[in-house]
Amino acid sequence: MSKRENIRIPVSQQPFTVIQPEDTTTIGGTVSVQINEKKISVPLGMTILEACRQNQIHIPTLCHHPDLCIAGVCRICVVDVEGMRTLQTACSFPITTPIKIHTSTPMVRKARRHIIDLLLSEHYGECYSCFRNGNCELQSLAKEYGVDGYTFGHIDKPRYKVDHSSAAVVRDMSKCILCKRCVRTCIDLQEVGVLEAINRGHDTHIGTFLDKPLADVICINCGQCINRCPTAALRANDPSDEIWEAIDNPKKHVIIQTAPSPRAAIGEEFGIEAGHSFTGELNTALRRIGFDKVFDTNFTADLTIMEEGTELLNRLRKVIIDNDSSVKLPQFTSCSPGWIKFIEHFYPEYLDYLSTAKSPQQMFGALMKTFYAKQAGIDPADIVTVALMPCSAKKFECNRPEMKASGFKDIDYGLTTREMAKMIREAGIYLPEMPKSNFDEPFGDASGAGLIFGATGGVMEAALRTVYEIVTGREVPFKNLAIEPCRGFAGVKQASVKLDGCVEQYNFLEGVELKFVVAHGTANAKKVMEMLRKGELSDVHFVEIMACPGGCLGGGGQPIPTNAEIRRKRAQAIYAEDESLPVRKSHENPHIKYIYENFLTEGPCGKLSHKLLHTHYTKRGKFIS
Amino acid sequence: MKSNVETKKRSGPVVFSEYQRSEGIKKALQLGRENILFELKISGLKGRGGAGFPTATKWMLTAAANANKKFIVCNADEGEPGTFKDRVLLLEYPELVFDGIVIAGFTIGAASGIIYLRGEYEYMLQPLEDYLAEMRKDNLLGKNILGKENFNFDISIRLGSGAYVCGEETALIESLEGFRGEPRNRPPYPVDTGYLGYPTVVNNVETLASVSHIVLKGGEWFKKHGTSKSTGSKLFSVSGDCEKPGVYELPWGIKIKELLEIVEAKNTKAVQVGGASGTCIAKSQFDRILGYEDAATGGSIIIFNENRDMLKVLKNFMEFFIEESCGQCTPCRIGNIKLMEGIIKIENGDFTFSYINNLKELGKTMQVASKCGLGQSSPNSFISILENFSEEILHTNGKGKENVKA
């Protein structure tokens with residue numbers, strides 16, 4: 001594992017891994033090209049950028065992002081292609097003929113330097129007063145090209161007002177360099193389409209419909225735009241000042257719950273390569289910061305499985321036995337707040353398909369300010385609940401007016417992984433060096449099922465581990481409880497498990513092929529919803545949807561940068577930790593059993609559960625006044 | 001329309017030479033695709049919009065492309081400051097343009113042609129639609145045109161919305177598709193991936209008008225005019241300080257000073273060849289010829305006499321580019337602003353020569369690193385005016401003289 005000195009390598013300087021097509025001959029053969037005297041053979045249609053990176057030739061990029069379509073707008077990646085009058089952008093130029101490429105001619109170097117100078121002249125602010133200091137692609141380019149002054153001046157007043165309207169995303173367009181990554185993220189990757197370029201020429205800026213505040217448009221708060229912003233133009237709404245204030249107030253009992261994904265990624269904020277979990281170290285760091293209790297969100301993830309799983313069984317019973325046509329199937333998961341806002345805006349007529357179960361974050365808050373407050377003898381008014389989440393939409397979710405089942409705001413603050421890392425650094429702590437410690441009881445013991453909520457397909461896998469066993473009395477028939485059809489990063493996954501040998505209570509399910517669908521990223525969610533609209537999901541029972549590509553581990557609050565490789569490594573870390581845990585099924589979590597015996601005594605989906613742990617949704621629609 | 005036809009008094013060697021409606025189409029159907037391409041190739045016709053890409057090559061690439069749909073788009077987004085020749089062609093010689101589009105459609109195998117008409121030319125929409133209706137009536141458009149089995153072709157007119165950049169062919173296509181008028185990455189080129197992803201030929205109005213003549217009268221006839229590298233003739237839109245501004249058809253290869261004589265320009269200090277995106281030529285270079293090999297132009301000739309302040313001229317051009325840049329790529333979006341800042345500093349006499357040289361270097365970067373022709377050509381006037389008139393602008397211009405630093 002890397003040492004402390006190993007600070008983050010800026011994206012533009014990171015080695016780039018190109019996934020080789022399995023068989024290049026099937027896509028049209030190869031072309032011989034010459035890059036800086038080096039003769040190489042590349043698959044037909046490969047871009048100059050890919051060809052260079054594959055051959056360890058560094059080309060700077062800015063508007064290019066591996067998750068997104070090509071823009072070719074920043075022009076920083078220009079190279080000289082022999083025979084062409086102008087320089088060509090390496091990111092967009094497909095190699096189809098044998099060409100000669102020069103990546104570092106005087107003209108190329110000068111052009112790149114000019115482009116950096118131009119961007120800097122319009123980029124408001126100074127690096128030392130910027131939260132992306134040290135992790136900014138423009139800054140690292142300036143360093144790479146030895147910028148030591150503002151050749152073409154530097155803007156001294158912000159051109160745009162900062163938009164603080166959204167609970168989740170803050171937009172500071174004075175720092176925007178118009179790479180349009182956010183636009184491509186919003187339109188192409190997520191298919192939400194809130195952001196687009198407005199006006200032209202020097203007046204071009206990224207804006208919303210009629211330049212309305214972000215809170216007033218159909219933004220789903222997923223924060224994927226933040227993850228792909230190369231500068232500080234987009235950031236999450238940071239509540240850390242308020243949290244410090246609560247921590248420093250001796251009257252306040254400040255509780256933090258940590259979700260599974262941040263612990264699998266927070267190391268990246270401290271210069272550690274992706275794919276290492278820091279669960280124990282994080283617990284210690286949080287206590288040293290001054291949180292009174294450190295609990296595990298996975299506990300309520302287990303609770304979610306109990307509630308949502310029971311809800312599914314109830315729906316199946318009503319449909320199969322009672323022929324109740326008012327009950328909708330398939331049941332859709334409801335733990336991703338970005339997905340919830342997406343369906344509220346884009347498919348408001350299908351809200352009945354959503355599970356009414358709150359997300360694990362919100363269930364936690366409701367329990368803290370009721371059950372826990374009573375047990376610990378603390379006035380719930382003095383409890384401050386903080387949720388460490390990989391997510392920016394959680395900030396919106398905890399501010400939903402309906403999320404006050406306990407009589408108080410269930411969760412006071414949603415904190416992203418990045419903001420948590422900042423607080424840890426502010427406290428003078430270097431996370432990777434922390435000794436490990438456990439979560440606090442009684443909400444510290446969670447199953448591996450709760451943990452894998454962080455990866456796409458995780459909720460489905462966790463639910464199947466429990467539902468299958470409740471219905472049949474046997475473990476799911478997958479080796480090592482790893483339900484492989486749920487795993488991996490395919491956009492939409494479909495599979496089924498046959499229920500047989502059912503216990504008496506569930507013999508109405510005997511022989512039923514339990515069909516499920518898993519999708520991640522709202523573009524894929526849209527595909528699934530269109531399938532539903534066309535009636536293609538009529539035989540499906542359960543659908544898991546996560547708003548972010550890769551699921552929560554690729555969430556909008558996670559460390560920057562993100563790409564497919566990083567998401568894959570985070571998923572590996574999560575699945576490895578699941579395998580290492582003693583309890584891997586939600587219903588076997590002893591504390592879950594305890595809470596149903598001593599507090600939610602009517603069991604899952606009982607009256608008290610409904611009051612505290614379930615919610616309702618708002619038909620928002622796409623038309624905003 | 002009628003009234004225009006009656007006032008038709010123009011004459012010229014090629015474009016304004018004799019031509020009757022549908023003659024070109026009839027000849028084209030007779031010749032067949034191969035021969036049309038052959039004649040075009042012989043003619044050496046190059047794109048008349050300014051870029052000068054060989055028309056035959058463009059058509060051949062599209063004709064050879066394997067696709068079930070192809071398009072021919074006529075670029076009538078005449079937006080270059082100082083050009084107004086396409087307006088004359090469309091109003092007075094629609095037969096040349098529309099016949100050219102039909103010939104193109106026949107040759108490349110397109111079933112539909114689109115005219116992208118400049119937003120400001122909305123007043124032409126009705127007369128042009130009327131003309132199309134007549135063509136349909138006479139089976140110059142529609143099914144089995146002039147009895148040619150399976151040659152089905154029609155033309156529609158689409159209006160732009162006033163953006164200069166939409167004259168750039170890929171921005172034009174984006175605009176046609178209903179998106180922001182922003183140039184695309186090239187390659188792929190429109191001949192391969194154009195309108196709606198199909199192979200598309202985008203030709204200037206004048207190019208298509210020339211095609212009608214070439215098909216009728218032959219490539220060799222066309223080639224007789226002009227120079228070896230710039231065949232045929234060109235419509236020049238002449239404006240500025242002269243007695244006889246207007247549209248002239250003159251053979252390529254004519255010297256600037258000859259043109260100035262024809263239009264009766266006196267005491268000329270400078271000629272802006274190619275509009276705002278072209279280059280500014282000083283008196284000492286008036287022996288230069290107009291043609292792709294020397295001073296290329298899409299037709300715009302703007303004449304400045306000795307009373308003109310060249311810095312003001314330059315400032316006017318830069319204002320135009322700042323307004324019209326699509327804002328997509330860095331060099332053009334910010335570069336033009338920086339050049340303008342330089343102009344203002346020169347106006348105020350608050351500059352150093354090293355700063356001006358930096359800006360000229362920036363201009364050169366813009367020429368090679370901008371995404372499309374707009375940003376690639378917007379520094380042309382800056383560079384050429386500052387170079388050709390440095391004495392006037394940097395050394396003797398008002399306050400500049402006193403305050404200039406070494």
Side-chain angles (χ1 to χ4, degrees), chain A residues 45 47 62-63 69-81 84-89 91-97 99 105 107-123 151-153 155 177-180 183 187 196-206, chain B residues 51 161-166 170-171 179-189 192-193 318-342 345 354-355 358-359 361-378:
Chain A
T47 64
L62 201 49
C63 68
C69 64
I70 290 160
V73 296
C74 75
R75 317 301 289 174
I76 196 74
C77 67
V78 285
V79 294
D80 190 358
V81 177
M84 301 202 77
R85 190 174 51 87
T86 56
L87 301 178
Q88 301 297 317
T89 41
C91 68
S92 71
F93 196 101
I95 301 170
T96 52
T97 50
I99 46 173
T105 65
M107 196 201 270
V108 165
R109 288 194 301 272
K110 193 176 72 184
R112 288 180 186 162
R113 173 63 194 263
H114 273 143
I115 288 161
I116 297 166
D117 283 334
L118 289 176
L119 289 172
L120 288 175
S121 77
E122 296 273 301
H123 181 69
T151 315
F152 301 115
I155 191 167
I177 56 166
L178 285 163
C179 68
K180 293 196 181 173
V183 172
I187 294 178
E196 180 50 297
I198 297 182
N199 292 343
R200 69 180 185 211
H202 192 232
D203 294 331
T204 310
H205 63 277
I206 306 302
Chain B
S161 302
Y164 169 72
V165 74
C166 289
T170 58
F179 297 108
R180 256 175 89 82
E182 288 183 340
R184 294 176 175 175
N185 291 308
R186 304 142 58 96
Y189 298 96
D192 176 61
T193 309
M318 285 320 297
E319 278 168 355
F320 173 77
F321 287 118
I322 287 170
E323 170 77 24
E324 294 296 343
S325 163
C326 80
Q328 186 185 191
C329 78
T330 315
C332 178
R333 181 182 68 243
I334 314 178
N336 286 318
I337 291 281
K338 295 298 152 189
L339 298 186
M340 186 56 136
E341 282 175 13
K345 285 194 173 173
S354 69
Y355 170 67
N358 272 348
L359 288 182
E361 288 298 306
L362 172 65
K364 287 176 193 163
T365 288
M366 291 166 69
Q367 287 176 328
V368 293
S370 294
K371 187 164 183 172
C372 80
L374 196 161
Q376 286 162 10
S377 59
S378 68

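The structure presented is a predicted model; accordingly, all values stated were derived computationally and were not measured. Every chain is numbered from 1 and lettered A, B, ... according to where its sequence line falls, protein lines coming before strand lines.
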Next on the checklist: I'd like to know if A:Arg113 pairs up with B:Glu361 as an ion pair, taking the criterion as any Lys NZ or Arg NE/NH1/NH2 lying under 4.0 Å from an Asp or Glu carboxylate oxygen.
Outcome noted: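 No, this pair does not count.
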Checklist entry - Would B:Glu323 and A:Arg200 pass as an ion pair if we require N to O under 4.0 Å? => result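 A salt bridge links B:Glu323 with A:Arg200.
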For the interface with chain B, which of [options] has the highest count of heavy-atom pairs at distances below 4.5 Å?
| options | answer |
| --- | --- |
| A:His202, A:His205, A:Lys180 | A:His202 |
| A:Leu87, A:Val73, A:Thr204 | A:Val73 |
| A:Cys179, A:Ala71, A:Cys91 | A:Ala71 |

Item to check | Closest non-hydrogen atom pair, B:Ser370 against A:Arg75 | outcome: O-NH2, 3.3 Å
Item to check | Smallest separation among heavy atoms of B:Thr365 and A:Ala111, with atom names | outcome: CG2-CA, 3.6 Å
Please flag which part of [X] lies under 4.5 Å from any non-hydrogen atom of chain B: side chain, backbone, both or neither.
| X | value |
| --- | --- |
| A:Ile95 | neither |
| A:Ile177 | backbone |
| A:Thr86 | both |
| A:Arg112 | neither |

Per-residue contact mode, [X] against chain A (heavy atom under 4.5 angstrom):
| X | value |
| --- | --- |
| B:Ile337 | side chain |
| B:Gln328 | both |
| B:Lys371 | both |
| B:Arg186 | backbone |

Spacing of [X] atom [atom1] and [Y] atom [atom2] [to the nearest 0.5 Å]:
| X | Y | atom1 | atom2 | value |
| --- | --- | --- | --- | --- |
| A:Leu119 | B:Ile334 | CG | CD1 | 5.0 Å |
| A:Glu122 | B:Thr330 | CD | OG1 | 10.0 Å |
| B:Arg333 | A:Leu178 | CZ | CG | 4.0 Å |

Checklist entry - B:Ala163, B:Ser325, B:Pro183, B:Pro188: which one forms the most heavy-atom pairs within less than 4.5 Å of chain A? => result B:Ser325
Checklist entry - Would you say B:Pro187 and A:Pro94 make side-chain contact, with heavy atoms under 4.5 Å? => result yes
Checklist entry - Does some side-chain heavy atom of B:Leu362 sit less than 4.5 Å from a side-chain heavy atom of A:Leu118? => result yes
Checklist entry - Got a donor-acceptor contact below 3.5 angstrom from the B:Arg180 side chain to the A:Asn199 backbone? => result yes
Checklist entry - Could you go step by step and tell me if B:Leu359 and A:Phe152 meet the side-chain contact (heavy atoms from CB on, under 4.5 Å) rule? => result CA-CA 9 Å; B:Leu359 288 182; A:Phe152 301 115; 3.8 Å; yes
